[in-house]
Amino acid sequence: MSIQAGDLRHRIEIQRLQKYETDDGFTEMLYQPFRKTWAAVNNLFGKEYWKAKEYGAENTVVFTVRFTSGADITPQDRILYRGNLYNIQHVDNVKHLDAFVKIKAVAEEGGKAYDGIGRPTPKF
């Protein structure tokens, strides 16, 4: 895989589902910022795109981050990128070299991210 430092030019935020206690004592699960990192971002194309389209996953994006930033990312996490949310489908330590991690994620239906109070979240 030939990724150069300049390819990692898109700022993304990894969000992790965490327990949160409300003022009235109830426990809720909310996505919270987990890590901000730089990523290379690519859409699917060619055979990969058409295969994904068969399953309704043509909104799939591949995010590539350095291994240190992505080593503990799981499909339970999600990505905020340019105000849109992406559900992680697959995380791959490229060639098991501990250099880069490829994350395949599908844009959420509706696509825009909100902060839980109805305000749009900031773009990265």
Side-chain angles (χ1 to χ4, degrees):
M1 168 161 225
S2 60
I3 293 283
Q4 304 297 318
D7 294 336
L8 304 174
R9 62 179 166 263
H10 301 278
R11 195 70 167 161
I12 65 171
E13 177 181 274
I14 309 297
Q15 297 180 341
R16 179 152 288 170
L17 199 56
Q18 296 178 348
K19 286 184 183 179
Y20 168 78
E21 191 168 319
T22 63
D23 293 337
D24 52 359
F26 291 101
T27 301
E28 293 183 7
M29 298 296 286
L30 295 173
Y31 279 98
Q32 300 292 322
F34 174 63
R35 177 178 296 130
K36 292 179 185 174
T37 189
W38 295 99
V41 181
N42 293 301
N43 291 318
L44 297 181
F45 60 93
K47 285 183 185 178
E48 202 172 27
Y49 171 80
W50 292 108
K51 183 88 168 158
K53 189 166 177 66
E54 287 178 23
Y55 298 99
E58 64 270 21
N59 296 338
T60 301
V61 175
V62 178
F63 298 91
T64 304
V65 298
R66 292 187 191 281
F67 177 81
T68 54
S69 297
D72 55 350
I73 295 171
T74 71
Q76 288 74 37
D77 299 327
R78 70 181 184 184
I79 294 174
L80 173 62
Y81 171 62
R82 292 187 175 175
N84 295 307
L85 293 171
Y86 296 84
N87 295 313
I88 297 174
Q89 303 296 310
H90 182 72
V91 180
D92 178 31
N93 177 2
V94 179
K95 298 183 181 180
H96 295 279
L97 295 176
D98 297 345
F100 293 99
V101 174
K102 282 179 116 176
I103 305 164
K104 280 192 179 180
V106 177
E108 272 193 14
E109 199 66 36
K112 296 296 176 191
Y114 292 90
D115 65 0
I117 304 173
R119 297 179 305 223
T121 54
K123 292 184 178 186
F124 288 98

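All residue numbers refer to positions in the sequence shown, counting from 1. Keep in mind the model is a prediction, meaning the values are calculated, not measured.
Here the shortest heavy-atom pairing between D77 and D72 reads OD2-O, 4.2 Å.
With rounding to the nearest 0.5 Å, the separation of CD in Q32 from CD in E13 is 9.5 Å. Note that OG1 of T37 and CZ of R35 are 7.5 Å apart. Values are rounded to the nearest 0.5 Å. Considering CZ of R11 and CG of L8, their distance stands at 11.0 Å, rounded to 0.5 Å. In this structure, CD on Q15 lies 14.5 Å from CD on Q76, to the nearest 0.5 angstrom. Distance check, rounded to the nearest 0.5 Å: CD of E21 to CD of E28 gives 10.5 Å. Taken from CD1 in I79 to CZ in F34, the straight-line distance is 12.0 Å, to the nearest 0.5 Å.
Criterion: ILVMFWY side-chain heavy atoms under 4.5 Å apart, direct or through other members. Under it, L80 and Y20 are not part of a common hydrophobic cluster.
With respect to the salt-bridge test (charged N to carboxylate O, under 4.0 angstrom), the residues R78 and E108 qualify.
For F63 and Y81, the ring centers are positioned less than 6.0 Å apart.
At least one cation-pi condition fails for R66 and W38: the charged atom is not both under 6.0 angstrom from the six-membered ring centre and inside a 45 degree cone around its axis.
More than 12 heavy atoms of other residues, nucleotides or ligands shown are found within 6.0 angstrom of CG on D24.
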Show, in sequence, the C-alpha distance, side-chain angles and deciding distance for V61 and V41, and conclude whether the side chain to side chain contact (heavy atoms under 4.5 Å, CB included) test is met.
CA-CA 7 Å; V61 175; V41 181; 3.4 Å; yes
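Other residues sharing a hydrophobic cluster with M29 under the 4.5 Å side-chain heavy-atom criterion for ILVMFWY residues are L17, Y31.
Using a 4.5 Å cut-off on side-chain heavy atoms (C-beta onward), I14 and V65 make no contact.
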Going by atom type alone, with no hydrogens or angles, which donor-acceptor pairs under 3.5 Å involve a side-chain atom of residues 85-94 and a protein atom two or more places apart or on another chain?
unit_1: Q89; atom_1: NE2; unit_2: N87; atom_2: O; d: 3.4
unit_1: N93; atom_1: OD1; unit_2: D98; atom_2: N; d: 3.2
unit_1: N93; atom_1: ND2; unit_2: D98; atom_2: OD1; d: 2.7

